[in-house]
Amino acid sequence: MKYAVKRIFMLLCTMVIVSFLAFAAFELISGSAADTMLGTQGTAEEIAALEEQMGLNRPFLTRYFDWFFGFFTGDIGTSLRYNQPIWQLIAPKLGVTLCLSILSFMLIIVVSIPLGVRSSRYNTGVKDGLWSSITQFFMAVPPFFTGVLLTWIFSIVLHWYNHGQFPGLKENFWGSVGYLMYAAIAIAIPRIAMTMKMLRSTIQNELSKGYVRTAISRGNDRPKVLSRHVLKNSLVPVVTFLAQTMAEIVAASVVVEQVFAIPGLGRLLVASIADRDFPVVLALVVILAFWVVFIGMLADIINQYIDPRLKLGGDRK
């Protein structure tokens, strides 16, 4: 419990630092929001009046802390492009991206772990070369290319779904899940190959250790040794890698959502950058940063549960 509390405290400290740096960076890059709203035709008097109306003439730290605490209460400003509260703009799209990320991650877990365990049996020979070639090939395939290929096959040729006609999670949940499944497959394929390769390597490394040979020589069943000891010890680096994968899935969705015309955070981020809607971009950057840091914290807690010797910052004796 102490370890979890420490990690949560570190998470909060990290988010304060990240949000402050992001807020300061967008303050320097974008300039005044009043300039963006009024454009080149706005006079100095009009810009000054709008800045006073929006509270932009207040001290920087005052505006940052107002924004930071508003982030957790749903009041982080108004979109310059859509003229509506940012949380109202983000909330429905957040659910779509979260659903896509969960589907992708479930596919990675369900497919890669059994195949990684199975492929670890082959250390030499033709089958070993075949598994290595397959994983290398799929690791090299970018998600956007797979997305285009899946769209052509399942939408244009087979007509299994209508491209660009996302049903909506509230209106048709299962229809939306079916639509998102194609994008999830495109995101998951290279990461399934990466996870298989890492799990296969770590299992083969564990199998070569003395405690495994000793356990088998004493008459223990090999599959039981593999499931009870080898797999558990092999999961520590894999869990860390899966945490990085879960964070990278969101980054991959930025591109894949464009391919499948999915109205998620990725599509909103691209549109907001194009429209110079910097308050929305700032909010999305902080949300994505929080996701990355949160997943990293979760992976550390899970790894410490698997192997209590891995307490970060703990006493080493």
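At least one donor-acceptor pair closer than 3.5 Å links the side chain of N172 to the backbone N or O of G175. Listed for the S155 side chain is no donor-acceptor partner under 3.5 Å among the backbone atoms of W152. Under the 3.5 Å distance criterion, the side-chain polar atoms of T195 are matched with a main-chain donor or acceptor of R191.
Counting heavy atoms from C-beta on, the side chains of P142 and F145 come closer than 4.5 Å. Using a 4.5 Å cut-off on side-chain heavy atoms (C-beta onward), M15 and V286 make contact. With a 4.5 Å cut-off on side-chain heavy atoms, M196 and I134 do not count as touching. Proximity of M194 to T245: side-chain heavy atoms (C-beta onward) are nowhere separated by under 4.5 Å. Counting only heavy atoms from C-beta outward, the side chains of P143 and V256 approach each other to under 4.5 Å.
Minimum interatomic distance between V281 and S272 (heavy atoms only, all atoms of both residues): CG2-CB, 3.6 Å. Among all heavy-atom pairs drawn from V259 and V148, the shortest one is CG1-N, 3.7 Å. For the pair A188 and L107, the tightest heavy-atom approach, listed with the atom from each and the gap, is CB-CB, 4.0 Å. In terms of heavy atoms, W87 sits closest to G70 at NE1-O, 4.2 Å. Counting all heavy atoms, side chain and backbone alike, C99 lies closest to L169 at SG-CD2, 4.4 Å. Shortest non-hydrogen contact noted between P167 and S176 is CB-OG, 3.7 Å.
Using a 30° and 60° split on the angle between ring planes, W67 and F71 fall in the tilted class, from 30° to 60°.
A donor-acceptor contact closer than 3.5 angstrom links the side chains of E257 and T97.
Criterion: ILVMFWY side-chain heavy atoms under 4.5 Å apart, direct or through other members. Under it, L242 and V117 are part of a common hydrophobic cluster. F278 is connected to I273 through a chain of hydrophobic side-chain contacts under 4.5 Å among Ile, Leu, Val, Met, Phe, Trp and Tyr, so both are in one cluster. Note on V110: it does not cluster hydrophobically with M198, by side-chain heavy-atom contacts below 4.5 Å among ILVMFWY residues. By the rule that hydrophobic residues join a cluster once side-chain heavy atoms approach within less than 4.5 Å of another member, V285 and V292 end up as members of separate clusters.
For F23 and F68, the ring centers are positioned 6.0 Å apart or more.
Around atom CZ of F9, no more than 12 heavy atoms belonging to other residues, nucleotides or ligands sit under 6.0 Å away. Other residues, nucleotides and ligands contribute over 12 non-hydrogen atoms within 6.0 Å of the CZ atom of F241.
A distance of 13.0 Å separates OG in S253 from CZ in R267, rounded to the nearest 0.5 Å. Distance CG/L89 to CG/L265: 9.5 Å, rounded to 0.5 Å. Here the straight-line distance linking atom CG of L149 with atom CD1 of I185 works out to 11.5 Å at 0.5 Å rounding. If you take CE on M246 and CD1 on I108, they are separated by 8.5 Å, rounding to the nearest 0.5 Å. Interatomic distance, L180 CG to S101 OG, rounded to the nearest 0.5 Å: 10.0 Å. A distance of 12.0 Å separates NZ of K93 from CD1 of I262, quoted to the nearest 0.5 Å.
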* Report the C-alpha separation of L61 and F20 in whole Å, then their side-chain angles, then the decisive distance to 0.1 Å, and conclude whether the side chain to side chain contact (heavy atoms under 4.5 Å, CB included) test is met. => CA-CA 9 Å; L61 289 178; F20 178 81; 3.8 Å; yes

* Asked: Step by step, would you call F290 with V18 a side chain to side chain contact (heavy atoms under 4.5 Å, CB included)?
  -> CA-CA 9 Å; F290 174 80; V18 169; over 6 Å; no

* To do: Could you walk me through whether M297 and M10 pass side chain to side chain contact (heavy atoms under 4.5 Å, CB included), step by step?
  => CA-CA 9 Å; M297 178 200 73; M10 291 174 62; over 6 Å; no

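The residue from V177, I187, L98 that alone fulfils the side-chain contact (heavy atoms from CB on, under 4.5 Å) condition with L103 is V177.
Sorted by first then second residue, the ring pair (Phe, Tyr, Trp, His ring centres under 6.0 Å) pairs that include residues 175-203, not counting sequence neighbours, are F154-Y182, Y161-Y179, Y161-Y182, F166-Y179.
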